[in-house]
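All residue numbers in this chain count up from 1 along the given sequence.
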Amino acid sequence: MEDKYVSKLSPAVDLWTGTYLIIIAILSIFGNAAILVSAARRSGPLKAPELLTVNLAVTDLGMALSMYPLSTAAAFNHAWIGGDASCLYYSLMGMIFSITSIVTLAVMGMVRYLVTGNPPRRGLRLQRRTFSVVIGAIWLYSGLWALFPLLGWGSYGPEPFGLACSVDWSSYGESLNRSTFIMTLSVLCTFLPCLVIFFTYFGIAWKLRRAYRSIRCGDVQHGMVEKKITLMAAMISSGFLFSWTPYLAVSLWSMFRSREHGHIAPLVALLPCLFAKSATVYNPFIYFIFQRGSWRELLRLQRRLLCCWHRAAAGGQAAKGPDCTAVVENGADGAGGGRGGPPGKGPASQMMPLG
């Protein structure tokens, strides 16, 4: 095996890393799958901005399923598994999903800025078809950047600690080809989306402060919902940027660090990479904190599945009480159907849009 694919960490650190990745993968898969299940169980079609929420959950789930098992296996193996082929695959998935995530968050910020402060009846009308085209363009944009190194512009390579692969940041300065790729990628896929996120939410705060009196004197309920949606979107964006900033800082450091100082220490390179992977866990928790109705809907589904499982274990006969569907509807809808409202008409059947 090539030396570049052998872990530069101690076996104890590799064991800790593999355990951490297993925990992150489990939380990411269940959390983002719960968002998708909640969206799929909606009684009506998703609103246009809600497609961005679903897209973000898809990227996080895709990253957890396609990347974390490979890096976890490498950690327990104390070496990368699969050589150049798997390294290329891992790098491609990382590029596609990470760029899709940050661009989706930038679009969320722009959408929130456009709709914030507008009364619901006179506000900007956002069409599902428009958002479908935008989401398709985001994936196309991410896929194009992921393919550039395969077409000869830039390159992929193992991380300094040997248990993951990504853009070869340390090759910056070795040639004009690699230097232009890394710099262009950094500007168009990192700094520009981050600036969009920052300035859109700064503009939202300014608009909400300016419209505070009209919100207080006019449509109070709409104003409170708008603030809640904006806060949720801002927290999701902040969580993503917070988790990825250390990795970006280390990558930039490795880019401009002179060759005389040698390569970056493996442990210093590992910790920001692990912290960045936690970004796939934040979004579901933030979403369900604000979306209590969706959480109750998932609990109702869990009760239904458990009840049906008990019936199947009892040979198709309900051991206690009436039909499980009726039990779930009577027991869960009262909690999820709003404040004394009829089943299916409360928060449990709604999904708060981010746009």
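Heavy-atom minimum distance, Ala164 versus Trp80: CA-CZ3, 3.7 Å. Residues Lys8 and Pro160 approach most closely at CG-O, 3.2 Å, considering heavy atoms. Scanning both residues, Gly143 and Ile96, for their nearest heavy atoms gives CA-CG1, 4.3 Å. Minimum heavy-atom separation, His78 to Ser10: CE1-C, 4.0 Å. Residues Cys165 and Pro158 share a closest heavy-atom pair of SG-CA, 3.8 Å. Minimum heavy-atom separation, Leu267 to Leu9: N-CD2, 3.9 Å.
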Discussion item. Would Ser132 and Leu51 count as a side chain to side chain contact (heavy atoms under 4.5 Å, CB included) here? Give the steps.
Written reply: CA-CA 8 Å; Ser132 299; Leu51 296 176; 4.0 Å; yes
Practice prompt. Output, in order, the C-alpha distance, side-chain angles, deciding distance and verdict of side chain to side chain contact (heavy atoms under 4.5 Å, CB included) for Leu52 and Val111.
Written response: CA-CA 10 Å; Leu52 294 174; Val111 172; 4.2 Å; yes
Practice prompt. Decide side chain to side chain contact (heavy atoms under 4.5 Å, CB included) for Leu70 and Ser86; before the verdict, give the C-alpha distance in whole Å, the side-chain angles of both, and the deciding distance to 0.1 Å.
Written response: CA-CA 8 Å; Leu70 189 56; Ser86 62; 4.0 Å; yes
Worksheet item: Can you list the steps and then say if Phe191 with Val196 is a side chain to side chain contact (heavy atoms under 4.5 Å, CB included)?
Response: CA-CA 9 Å; Phe191 294 116; Val196 170; over 6 Å; no
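Here the OG1-CG distance, from Thr104 to Asn55, works out to 4.0 Å after rounding to the nearest 0.5 Å. In this structure, CD in Glu159 is found 9.5 Å from CH2 in Trp169, a value given to the nearest 0.5 Å. To the nearest 0.5 Å, atom CH2 of residue Trp145 and atom OG of residue Ser98 are 12.5 Å apart. Separation of atoms CZ (Phe240) and OG1 (Thr280) is listed at 10.0 Å; rounding is to 0.5 Å. One finds the CD1 atom of Ile182 at 6.5 Å from the CG atom of Asp168 (value rounded to the nearest 0.5 Å). If you take CD1 on Ile102 and OG1 on Thr190, they are separated by 5.5 Å, rounding to the nearest 0.5 Å.
Ring centroid separation for the pair Trp244 and Phe275 does not come in under the 6.0 Å cut-off. Tyr113 and Tyr201 have their aromatic ring centers separated by at least 6.0 angstrom.
Considering only heavy atoms from C-beta on, Phe161 stays 4.5 Å or farther from Leu274 through its side chain. Between Tyr68 and Ile26, the closest side-chain pair of non-hydrogen atoms is not below 4.5 Å. Taking 4.5 Å as the limit, some side-chain heavy atom of Leu65 sits within range of a side-chain heavy atom of Leu61. Between Lys4 and Asp84 the shortest side-chain heavy-atom distance falls below 4.5 Å. For the pair Cys194/Phe198, no side-chain contact is recorded, criterion being any heavy-atom separation below 4.5 Å from C-beta on. The shortest side-chain heavy-atom distance between Thr200 and Arg112 does not fall under the 4.5 Å cut-off. Counting only heavy atoms from C-beta outward, the side chains of Val54 and Ile35 never approach each other to under 4.5 Å. By the 4.5 Å heavy-atom criterion applied to side chains, Tyr20 and Thr72 are not counted as neighbours.
When atom types are taken as modelled, the side chain of Ser38 and the backbone of Ala34 share no donor-acceptor pair closer than 3.5 angstrom. With Thr184 contributing its side chain and Phe181 its backbone, the two residues share no donor-acceptor pair below 3.5 Å. Although no hydrogens or angles enter the test, the distance criterion places a donor-acceptor pair under 3.5 Å between the side chain of Asn177 and the main chain of Gly154. Here the side chain of Tyr89 pairs a donor or acceptor atom with the backbone of Ser66 at under 3.5 angstrom. Side-chain atoms of Ser166 do not come within 3.5 Å of backbone N or O of Ser91 as any donor-acceptor pair. In this structure a side-chain-to-backbone donor-acceptor pair under 3.5 Å is present from Tyr156 to Ala146.
Hydrophobic clustering of Ile, Leu, Val, Met, Phe, Trp and Tyr side chains at less than 4.5 Å, counting indirect connections, unites Trp16 with Leu27. No continuous path of hydrophobic side-chain contacts links Leu270 to Phe76 [ILVMFWY only; heavy atoms under 4.5 Å]. Residues Ile22 and Ile24 do not share a hydrophobic cluster, clusters being chains of Ile/Leu/Val/Met/Phe/Trp/Tyr side chains in contact below 4.5 Å. The same ILVMFWY cluster, assembled from side-chain heavy atoms under 4.5 Å apart, contains both Ile23 and Val281. A continuous path of Ile, Leu, Val, Met, Phe, Trp and Tyr side chains, each step under 4.5 Å between heavy atoms, connects Tyr141 with Leu147, placing both in one hydrophobic cluster.
Partner Ile138 forms a side chain to side chain contact (heavy atoms under 4.5 Å, CB included) with one of Val107, Thr59, Val133 and no other, that one being Val107.
In this structure, Phe148 places its CZ atom where more than 12 heavy-atom neighbours from other residues, nucleotides or ligands lie under 6.0 Å away.
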